[in-house]
Protein chains: 2
Amino acid sequence: MNRKIRVLLVDDHQIIRDGLSNMMLEAGDIEVCGCAADAATALEMAGKTNPDVVITDLSMPGRSGIDLIRKMAEKFPAIRVLVLSMYVSEDYIFNALKAGAKGYLPKQDTTKTELLKAVRTVAGGDEYFSDTAAQVISKLYSHNVRSAGNPESAARKANLTSRETEILRLYTEGLSNLEIADRLNISIRTVETHKNNIMQKYNFKSTVEMVKFAIRNKLGEA
Amino acid sequence: MNRKIRVLLVDDHQIIRDGLSNMMLEAGDIEVCGCAADAATALEMAGKTNPDVVITDLSMPGRSGIDLIRKMAEKFPAIRVLVLSMYVSEDYIFNALKAGAKGYLPKQDTTKTELLKAVRTVAGGDEYFSDTAAQVISKLYSHNVRSAGNPESAARKANLTSRETEILRLYTEGLSNLEIADRLNISIRTVETHKNNIMQKYNFKSTVEMVKFAIRNKLGEA
DNA sequence: TTAAAACTAAGGGATTTACGTAGGAAGGGT
DNA sequence: ACCCTTCCTACGTAAATCCCTTAGTTTTAA
């Protein structure tokens, strides 16, 4: 009944893309909306194909996968990035997390079942980490390495100006453009402009998407 | 900086309304948008004055306070009801909770400080219960008395038809009227009408409010 | 001090929503 | 059979928002 989960696959090996693609198709509730072999293509595809989840490797030609995650989180905050990597070192996991990844799976020991479960989990808005990744993360937590603020919210809030943030919050209260304008004693045109800028910065496709983002990032009331 | 919390006071004793009103005014961040001495007036005022929180007694002339809570939750799900009652029996607390109350304070031993804290808490979307009320509630929980479904969601979902629920879910996905119409192969006019009906049933004042409601009630994604 | 970023505002047509009204089908009850 | 209610469907007009562009003013950072 529900809409299928749209997945964008990013990996520089064709055979892996095909293998993953196949798995997704078999799952039934998942749909592969695109594949990319490098970060630039991935970002382009993300804008065009509107995926729910991006599954990406970290080692790719050109810019690093971490960079891709960061850009993805900035430009398309509604998309959840799931890392499927051969690396299991603290460094990679930590950086992926900091860049905004919503899940981390090592290629070494991730089963098809687990991958599908992870896709569904992150698509549902939660995070998913393999046992090994989770261990690393908890170690990082206990060492307070992430103390300098939540990586995700930092990455996601960074681009908004204070005025934009304020206006976004008013949208989450359910106010109309005119009501916001009156509240702030500015022209409705200005409000529209600010909103437009917010929508563009994050590639939101609708007001609802924008509001959901704000709520997730605690900018407004739940 | 933030907008004041709007409170509607419901109690059949003038002196109590005045006393409470005074307390709210002193608080600075709270605003009394209206008072009512009975359930009917309270409901009318709720529709007109758009409060964030309703503070109500349970014993009132005419219909019971429990009934008021239920109606309030149905017609204005965005409004949080805080019960301030002389009763501390299981029965009253349980029924108030089942009807959709977001907080419960006994008149006997609630201080001004605690009342203000409770108002701010429920206004912020959380629940607030006095220690005595909380004890009763936990007892009820442990006895599994509330096992027959979450009272709030039951009360709040009841009025929507299946078609309306379906459409509401699509709104939470960020789809426009036209997109929903295409998805369901019906006219955009029909979608608009359904949405209108949803908005009227719950007295939503904006699409955003509707979507937030749906998310809170797990009708759509977070 | 100069360039960049942020805030403000507007034009103006295209698109989307809001809102009151209304017909037809299905189901229940008498 | 008949009425009554609920639900799903749909339209017309008025209002609001979207979208893309341009641009003046202020604030901030280099």
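In what follows, chains are A, B, ... by sequence order, proteins preceding strands, each numbered from 1. Treat the numbers as computed from the prediction; the structure is a model and nothing was measured. Values below: all heavy atoms of this structure, side chains included; hydrogens, waters and symmetry mates excluded.
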Provide, to the nearest angstrom, the distance between the CG atom belonging to B:N197 and the C1' atom belonging to C:dA22.
13 Å

Does this structure show an ion pair linking B:E164 with B:K195, if we count only N-O contacts that are shorter than 4.0 Å?
no

side-chain hydrogen bond (donor to acceptor under 3.5 Å, both in side chains) filter on A:R163, not counting sequence neighbours, yields A:E166

The salt bridge (charged side-chain N to carboxylate O under 4.0 Å, His left out) partners of B:K117 (sequence neighbours excluded) come to none

Hey, does the side chain of B:T207 come within less than 4.0 Å of C:dT17's phosphate (OP1/OP2), counting only N and O?
no

Expressed in angstrom and rounded to an integer, what is the separation of A:L178 atom CG from C:dA18 atom P?
15 Å

Using modelled atom types and a 3.5 Å cut-off, is there a donor and acceptor pairing between side-chain atoms of B:R80 and backbone atoms of B:A123?
yes

Rounded to whole Å, NE2 of B:H194 lies from C1' of D:dC11 at a distance of 14 Å

Give a yes/no on whether any side-chain N or O of A:K195 is located under 4.0 angstrom from OP1 or OP2 of D:dT17.
no

How long is the line joining CD1 of A:I198 and P of C:dC7, in whole Å?
10 Å

Taking 4.0 angstrom as the limit, do B:E179 and B:R183 come out as a salt bridge?
no

Spell out protein contact along nucleotides 20-30 of chain D as letters: B when the base is contacted, S when just the sugar-phosphate is, - when no protein heavy atom is under 4.0 Å; keep the 5' to 3' order.
-----------

Heavy atoms under 4.0 Å, any strand shown: does B:T190 hit a base, just sugar-phosphate, or nothing?
base

From C-beta outward on A:S187, which listed nucleotide comes closest to its side chain: C:dT8, C:dA6, C:dA9?
C:dA9

With B:D29, which residues qualify under side-chain hydrogen bond (donor to acceptor under 3.5 Å, both in side chains), at least two apart?
B:R120

Roughly what angle, to 10°, lies between the helix axis at the start of the helix from C:dT1-D:dA30 to C:dT30-D:dA1 and the one at its end, five pairs per end?
50°

Write down the distance between CG (A:L184) and P (C:dC7), rounded to a whole number of angstrom.
12 Å

Of all residues at least two apart in sequence or in a different chain, which pass the ring pair (Phe, Tyr, Trp, His ring centres under 6.0 Å) check with A:Y128?
none

Checking A:K212 against B:T172 for the side chain to side chain donor-acceptor pair (under 3.5 Å) test, could you report, in this order, the C-alpha distance in whole Å, the side-chain angles of both residues, the deciding distance, and whether it holds?
CA-CA 8 Å; A:K212 288 198 299 181; B:T172 71; 5.6 Å; no

